[in-house]
Amino acid sequence: QVQLVESGGGLVQAGGSLRLSCAASGRTFSSYAMGWFRQAPGKEREFVAAIKWSSGITYYADSVKGRFTISRDNAKNTVYLQMNSLKPEDTAVYYCAARRYSYSPNPGEYDYWGQGTQVTVSS
């Protein structure tokens, strides 16, 4: 089994920054795609960003392109989400997820999930 643990959430003002971390354990991730998703109250879980572990190819939702950056640290088995220029509409619980092989923006296609970390952006 794969364990994913998110951290780094909190309360920030609009325009501020946060860096989320997702620590992975249980097995190697060279063949995985890692994704960040978020879910606000009353809304469906939505794709934010993803990275193919082996190649480093990244994918972003249009709503965060140019503001968020996903990256990984191979030695630490950790994926990061650097969030800049945060907006109130970014407020949500952010989840780290993993799936084998290819990237997907569909949360239903991810096999492993963390518990989530709350991000709140005040106006």
Side-chain angles (χ1 to χ4, degrees):
Q1 58 271 15
V2 174
Q3 301 290 329
L4 303 174
V5 180
E6 302 98 333
S7 62
L11 174 64
V12 297
Q13 292 184 331
S17 298
L18 283 173
R19 189 183 73 161
L20 306 183
S21 299
C22 174
S25 62
R27 59 185 65 192
T28 61
F29 289 85
S30 61
S31 64
Y32 281 69
M34 306 291 294
W36 286 98
F37 295 79
R38 65 188 183 186
Q39 188 166 21
K43 299 181 65 177
E44 295 183 348
R45 189 167 299 187
E46 66 174 348
F47 169 76
V48 176
I51 185 168
K52 185 72 166 61
W53 196 272
S54 59
S55 68
I57 296 174
T58 58
Y59 309 85
Y60 296 95
D62 289 341
S63 59
V64 306
K65 185 75 173 181
R67 299 189 297 123
F68 292 9
T69 303
I70 189 170
S71 61
R72 82 273 198 251
D73 186 320
N74 292 335
K76 296 181 179 180
N77 282 339
T78 299
V79 63
Y80 303 97
L81 185 68
Q82 178 66 47
M83 305 185 295
N84 299 326
S85 302
L86 283 163
K87 305 174 181 179
E89 51 262 45
D90 296 318
T91 296
V93 177
Y94 283 70
Y95 296 92
C96 179
R99 71 186 303 270
R100 295 291 299 274
Y101 312 120
S102 299
Y103 142 83
S104 174
N106 185 351
E109 296 182 3
Y110 283 74
D111 301 305
Y112 308 103
W113 292 87
Q115 295 299 308
T117 185
Q118 176 71 47
V119 172
T120 302
V121 184
S122 62
S123 60

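Nearest heavy-atom pair, Ala98 versus Met34, reported as atom, atom and distance to 0.1 Å: CB-SD, 3.5 Å. Residues Leu81 and Trp36 approach most closely at CB-NE1, 3.5 Å, considering heavy atoms. The shortest heavy-atom contact between Lys52 and Arg72 is O-NE, 4.3 Å. The nearest pair of heavy atoms linking Phe37 to Pro105 is CE2-O, 3.6 Å. Closest of all the heavy-atom pairs between Glu46 and Lys43 is OE2-NZ, 4.5 Å. What you find for Pro88 and Ala14 is that their closest heavy atoms are CD-CB, 4.1 Å.
Both Met83 and Val64 are members of a single hydrophobic cluster when ILVMFWY side chains are connected at heavy-atom separations under 4.5 Å. In terms of hydrophobic clustering, with Ile, Leu, Val, Met, Phe, Trp and Tyr side chains grouped at heavy-atom distances under 4.5 Å, Tyr110 and Tyr32 are assigned to different clusters. In the hydrophobic clustering of this structure, Phe47 does not group with Trp53; members are Ile, Leu, Val, Met, Phe, Trp, Tyr whose side-chain heavy atoms approach within less than 4.5 Å, directly or through other members. In the hydrophobic clustering of this structure, Tyr112 does not group with Tyr59; members are Ile, Leu, Val, Met, Phe, Trp, Tyr whose side-chain heavy atoms approach within less than 4.5 Å, directly or through other members.
Within a 6.0 Å radius of CD in Glu89, more than 12 heavy atoms belonging to other residues, nucleotides or ligands are found.
Annotation: side chain of Ile57 is not in contact with side chain of Tyr103 (no heavy-atom distance under 4.5 Å). Residues Arg45 and Trp113 are in side-chain contact: their nearest non-hydrogen atoms beyond the backbone lie under 4.5 Å apart. At least one side-chain heavy atom of Arg38 sits less than 4.5 Å from a side-chain heavy atom of Asp90. When side chains are defined from C-beta on, Leu18 does not count as touching Phe68, because their heavy atoms never get closer than 4.5 Å.
Lys87 and Ser85 share no donor-acceptor pair across their side chains, judged by distance under 3.5 Å alone.
Applying the side-chain contact (heavy atoms from CB on, under 4.5 Å) test to Val93 and every residue at least two apart in sequence or in another chain returns Tyr95, Gln118. For Thr58, the side-chain contact (heavy atoms from CB on, under 4.5 Å) partners two or more places apart in sequence, or in a different chain, are Ile51, Tyr60, Ile70. For Thr78, the side-chain contact (heavy atoms from CB on, under 4.5 Å) partners are Ser21, Ala23, Lys76, Tyr80, not counting sequence neighbours.
Taking CG of Asn77 as the reference point, atom CD of Gln3 lies at 13.5 Å (rounded to 0.5 Å). Distance OH/Tyr101 to OG/Ser31: 5.5 Å, rounded to 0.5 Å.
In this structure, Glu6 contributes its side chain and Cys96 its backbone to a donor-acceptor pair below 3.5 Å.
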